[in-house]
Amino acid sequence: MNDQQMPQFPEPFWRESVQLPEYPKLEETIQTDVGIVGGGITGITAAYLLAKENIKVTLLDAGVLLNGTTGHTTAKITAQHGLIYDEFIQHFGLEKASQYYKATTEAKEFIESTINNYKIDCDYSKEDAYVFTNSDQYLSQLETESKAYDQLEIDGEIRDDIPLDLKVKSALVMKNQAQFHPLKYLKTLVKEAEKNGVQIFENTTAVDVEYYKHPAIITRDGHRVKCKYVIAASHFPFYDRQSFYFARMYQDRSYVLGIKTKQTFPGGMYINAEDPTRSIRATKMNGEDLWLIGGEHHKTGQGKTTIEHYNALKDFAEAKFDVTEIPFRWSAQDLTTLDKLPYIGPATEHEESVFVATGFRKWGMTNGTIAAKIISDKIVKGENEYEELYSPQRFQADPALRKFTSINADVAKHMVKGKLEFTHNSIKGLSPDDATVTRINGKRTGVYKDKEEKLYALDTTCTHMGCEVEWNSGDRTWDCPCHGSRFSYTGEVVEGPAKRPLPKIVLKETK
Ligand code: FES
């Protein structure tokens with residue numbers, strides 16, 4: 001029967017279904033060869049690859065391993081990154097578009113061969129990937145993308161229908177792609193990396209890099225990881241020395257429901273071309289199909305209340321399928337660069353020993369894997385064939401310049417809007433598990449009331465560059481509309497570029 005209840009709290013299926021080991025916090029200054037910041041697919045794969053080459057690696061995570069974007073993905077292993085190949089051919093030329101396809105396909109093959117080597121039981125299956133549309137506007141775009149497939153010799157074609165019982169006007173299939181359970185896969189890579197000597201520390205926040213002869217990662221507690229190389233695999237780079245990554249990317253949030261239905265899933269991975277996005281695949285939960293319905297992306301901290309996005313996915317799922325249960329809901333944050341190609345390589349022009357990997361545009365399984373390969377090759381061999389393609393220092397005037405202008409105009413608009421907002425909401429009328437923005441002593445203040453009616457008041461001025469954060473009711477966080485920083489209701493940084501927590505405000509009395 002439709003109209004099922006959604007879970008009260010977001011929790012990704014991936015994390016719920018795998019027990020991961022725990023690691024200590026870094027409590028001293030240490031020495032290593034490569035310091036990696038960020039325990040997602042990029043950091044863990046890089047640690048695994050480097051340790052196999054007898055390189056001493058230390059991996060730090062600000063929280064716990066695999067609880068960032070990797071833990072919240074839909075885990076499609078595909079080179080079909082939406083409709084991208086015609087755009088890449090137009091902007092970068094055939095050769096670079098071809099390199100992107102080749103790099104992404106190599107990442108897919110690396111994952112497959114690693115699964116085979118270690119016989120990893122991670123629900124891996126080969127699937128065809130489909131971009132479908134129900135909009136006349138996108139019919140010609142699918143055709144154009146199909147021509148790009150032909151130019152790039154990608155195995156795919158236009159179809160009138162899809163295996164899933166969903167009416168479509170047209171679909172473009174890319175054959176022989178794949179999907180898996182990302183945490184089951186990465187848990188094995190962590191184990192293998194540890195066997196080869198990788199040291200792992202959790203709850204250890206990296207805040208900066210300092211240089212003497214070599215770089216050293218500085219942690220919030222003032223400890224140092226002295227090393228020869230640093231890899232910032234922390235989603236948003238924790239290190240941004242005048243590289244302005246915050247102005248060269250924008251952050252998006254999107255949502256996933258894990259549902260059970262009366263139908264049997266026919267196989268395949270699906271995403272539509274138009275907005276609002278609808279992404280569909282299935283995985284196995286206790287031997288039964290768990291359908292993952294994703295989409296509803298929007299700029300972080302902007303737009304309608306986040307719970308409405310979950311409701312929109314629920315309405316879609318219930319309108320199209322016989323939903324019997326909604327055991328999971330979760331959301332993810334993704335970064336997109338100005339020209340849609342990830343930034344992978346030296347963080348700045350003059351710092352060959354600090355690498356970044358970011359801007360995966362929702363396709364982190366393949367882009368994170370290729371990032372780990374490029375950076376580990378740079379460290380071990382001094383080169384990788386794709387380094388130029390992904391270089392963070394590349395300059396492509398078109399479309400990057402226009403996008404740069406529009407991203408930063410949007411930031412300016414939100415910066416001003418937040419400051420002018422006139423809010424004097426009452427805290428007294430606040431329901432449990434809800435938040436409001438009010439003014440206390442003239443200061444814009446965010447107040448969350450938890451289920452036990454305890455109040456948490458914070459200065460809502462983002463510690464990155466001073467925009468005003470907004471309440472995210474779906475995830476119970478304060479999100480910044482400017483560059484996508486996110487803070488817990490206690491003020492801790494959940495997502496950068498901000499590095500410092502939101503200051504707490506002491507409430508004398510409620511009004
Ligand atoms: Fe830049 Fe908030 S993230 S001002």
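Both ligands and their constituent atoms are indexed starting at 1 by order of listing. Residue numbers count from 1 along this sequence.
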(message) Using a 6.0 Å distance limit plus a 45 degree cone around the ring axis, check whether Lys299 lies over the aromatic ring of Tyr250.
(response)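 The answer is yes; both the distance and angle limits are met.
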
(request) Answer yes or no for Arg248 and Tyr343: cation-pi contact, defined as NZ/CZ to six-membered ring centre under 6.0 Å and angle to ring axis within 45°. (result)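 Arg248 over Tyr343 ring: yes.
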
(message) For Glu308, give me all partners under side-chain contact (heavy atoms from CB on, under 4.5 Å), at least two apart in sequence or on another chain.
(response)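 Glu308 satisfies side-chain contact (heavy atoms from CB on, under 4.5 Å) with Lys304, Thr305 only.
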
(request) Using a strict cut-off of 4.0 Å, indicate which atoms of ligand 1 neighbour a heavy atom of Cys467. (result)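 Listed by number with element, the hits are 4 (S).
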
(request) Report, in ascending order of atom number, the atoms of ligand 1 lying under 4.0 Å from any heavy atom of Ser485. (result)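 Counting from 1, the qualifying ligand atoms are 3 (S).
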
(request) Using only N, O or S atoms, tell me which atom of His464 is closest to atom 1 (Fe) of ligand 1. (result)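 Of all N, O or S atoms belonging to His464, ND1 is the one nearest atom 1 (Fe) of ligand 1.
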
(message) For the backbone of Pro7 and the side chain of Arg329, can you confirm whether one donor and one acceptor N or O come within less than 3.5 Å of each other?
(response)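 Yes; at least one donor-acceptor contact below 3.5 Å.
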
(request) Flag the pair His81 / Phe360 as yes when their ring centroid distance falls below 6.0 Å, and as no otherwise. (result)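 Here the rings of Phe360 and His81 have centres that are no less than 6.0 Å from each other.
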
(request) Have a look at His483, Met465, Glu495, Arg486 and point out the one with the heavy atom closest to atom 1 (Fe) of ligand 1. (result)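 Shortest heavy-atom distance from atom 1 (Fe) of ligand 1: His483.
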
(message) Report whether any nitrogen, oxygen or sulfur of Cys480 sits less than 2.8 Å from atom 2 (Fe) of ligand 1 (N, O or S, backbone or side chain).
(response)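 An N, O or S atom of Cys480 is closer than 2.8 Å to atom 2 (Fe) of ligand 1, so yes.
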
(request) Heavy-atom distances under 4.0 Å are what count here, so tell me which part of Cys462 touches ligand 1: side chain, backbone, both or neither. (result)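 The side chain, only.
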
